[in-house]
2 protein chains.
Amino acid sequence: MLMVRQPSINAQHRTPLSTERIIEAALRIVDGQGLGRLTMRRLGDALEVEAMAIYHHLPRGKEQLLDGLVVHVASGPAEAAGVTAANWRDVLRAWAADYRARLLAHAGVLPLLVTRRNPAALSTTVGSLREVLRRGGVADDTAAVAAHTLLGYVIGHAALEVRDTREDGADRPVDWDARFDAGLGLVIGGVR
Amino acid sequence: MLMVRQPSINAQHRTPLSTERIIEAALRIVDGQGLGRLTMRRLGDALEVEAMAIYHHLPRGKEQLLDGLVVHVASGPAEAAGVTAANWRDVLRAWAADYRARLLAHAGVLPLLVTRRNPAALSTTVGSLREVLRRGGVADDTAAVAAHTLLGYVIGHAALEVRDTREDGADRPVDWDARFDAGLGLVIGGVR
DNA sequence: ACCTGAACACCGTTCAAGT
DNA sequence: ACCTGAACACCGTTCAAGT
């Protein structure tokens, strides 16, 4: 029997692939099943496409895909508009709470955030923190230090939370929300 | 021609495999070539053994191998003996410098430190920090917060260093040593 | 321009077999 | 007890081909 190949009825109607759709589908897999289960073939399935089609949009392949995930998750800059000497601590506190929530919501991406890949991904975020501090009246040198310290704290604390590091001895679970706020106060309180 | 199989002359003389030797060889690969190049087959080669021999010592396979790497790198507790109300800040500062150096020396392991796997790996370290603080006369609640804050900061800062996150705008390289010390002062200075 | 299908070199892991 | 060799199911990626 002669099989005439249909041009895949689906292919006609479905929205075409795009970098954005690919990244979103990848993030959905990572969030739902973990980073280890993000494969090009599975990603293709999720997008109802052959895995090889992805390479047309991401020529650098999986490397580029992971870079995209990092940018998507890690670029959450602080809003510097309207910052004054009176409110900069509150602005930083609010940013930190948001950023922490972001990291925890996509905990599977955290390991990628800690890799040599894609070095620029965090610099807009660091820059925005520095700008908030500067507008708050903090000296430039101190602002540079505080920006890195704050971002470092938030990322590192998220790492500890994800591992659910208990104190030795004490085996009652840690109240991570309270713990985070207290540590945050310690970091921000030290800036002057 | 009949080939009589020799029982592999090497096998007689070489020191037998052990978990410790396996972990050390794995760490050498990660440090030298990166985490992505750590495969069971390559690890077998480095140990002059078939990859499958490793499973005899690590029945849980690669998972167990990675757990071993995390424990090896992440368990650097602070020495609490001899801590007083006068010197606890110096003790923490010295520990932090050591621990940072450790993380940067094995930067390839950093992504593993930020994964859900092996949750207990960091808790002896956290516990030792808490003990230093307690002996320094810091109240229990504050000590618990400060221990997590400090460890979080050190890990998070190491992550930023490894990515070499520059401030936006400024493109002269960051002096990471100075930056780390300044941020450390900020964190430790806030504890009272 | 966008996607497919077959192929290649490599993974982690199992399992039966050797000593 | 300790290690090997073949095999299996799965990777990421290339490349020529289709529309």
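Every chain is numbered from 1, with letters handed out A, B, ... down the list of sequences. Just so we're clear, the structure is a prediction, and the values are computed from it rather than from any experiment.
For the ring pair (Phe, Tyr, Trp, His ring centres under 6.0 Å) test, residues two or more places apart in sequence or in another chain that qualify with W176(A) are H157(A), H148(B). Shown here are the side-chain contact (heavy atoms from CB on, under 4.5 Å) partners of R117(B), two or more places apart in sequence or in another chain: R163(A), E63(B), L66(B), D67(B), L112(B), T115(B).
The CG atom of L43(A) sits 18 Å away from the P atom of dC10(D) (whole-angstrom rounding). Rounding to whole angstrom units, CE of residue M52(A) and P of dC15(D) are separated by 13 Å. Rounding to whole angstrom units, CE of residue M40(B) and P of dG5(D) are separated by 17 Å. Look at CZ on R37(A): it is 12 Å from P on dG12(D), rounded to the nearest Å. Distance E48(A) CD to dT4(C) C1': 16 Å, rounded to the nearest Å. The distance between atom CD of E50(B) and atom C1' of dT13(C), rounded to the nearest whole Å, is 14 Å. Here the C1' atom of nucleotide dC3(C) and the CZ atom of R41(A) are 16 Å apart, to the nearest Å. The separation between D45(B) atom CG and dC3(D) atom P is 15 Å, rounded to whole Å.
Where DNA chain C pairs in unbroken runs of 3 or more (Watson-Crick or G-U, both distances under 3.5 Å), the stems are C:4-8 with D:12-16, C:12-16 with D:4-8.
The side chain of R42(A) places no N or O atom within less than 4.0 Å of a non-bridging phosphate oxygen (OP1 or OP2) of dC10(D).
Remark: nothing in residues 22-34 of chain B comes within less than 4.0 Å of DNA chain D through any heavy atom. Near-neighbour residues of DNA chain D inside residues 55-72 of chain B, defined by a heavy atom below 4.0 Å, number-ordered: H56(B), H57(B).
No side-chain heavy atom of V162(A) sits under 4.5 Å from any side-chain heavy atom of L103(A). Looking only at side-chain heavy atoms (C-beta outward), I23(A) and L69(A) come within less than 4.5 Å of each other. Between R93(A) and L184(A) there is a side-chain heavy-atom pair separated by less than 4.5 Å.
Rounded to the nearest 0.5 angstrom, T125(A) OG1 and L150(A) CG are separated by 11.0 Å. Between atom CG of residue L160(A) and atom CG of residue L151(B) there is a gap of 5.0 Å, rounded to the nearest 0.5 Å.
When distances run from any side-chain atom of V49(B) to the nucleotides dC3(C), dC3(D), dA7(D), the shortest one goes to dC3(D).
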Can you give the donor-acceptor pairs under 3.5 Å from side chains of residues 95-102 of chain B to other protein atoms, not counting sequence neighbours?
from	atom 1	to	atom 2	distance (Å)
W95(B)	NE1	G76(B)	O	2.8
Y99(B)	OH	A74(B)	O	2.6
R100(B)	NE	E161(B)	OE2	2.7
R100(B)	NH1	D177(B)	OD1	3.4
R100(B)	NH2	E161(B)	OE1	3.0
R100(B)	NH2	D177(B)	OD1	2.7
R102(B)	NE	V73(B)	O	2.7
R102(B)	NH2	H72(B)	O	3.4

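Counting non-hydrogen atoms of other residues, nucleotides and ligands closer than 6.0 Å to CG of D141(A) gives a total of 12 or fewer.
Residues R89(A) and V191(A) approach most closely at NH2-O, 2.9 Å, considering heavy atoms.
Using a cutoff of 4.0 Å between basic side-chain nitrogens and carboxylate oxygens, R134(A) and E131(A) are scored as salt-bridged.
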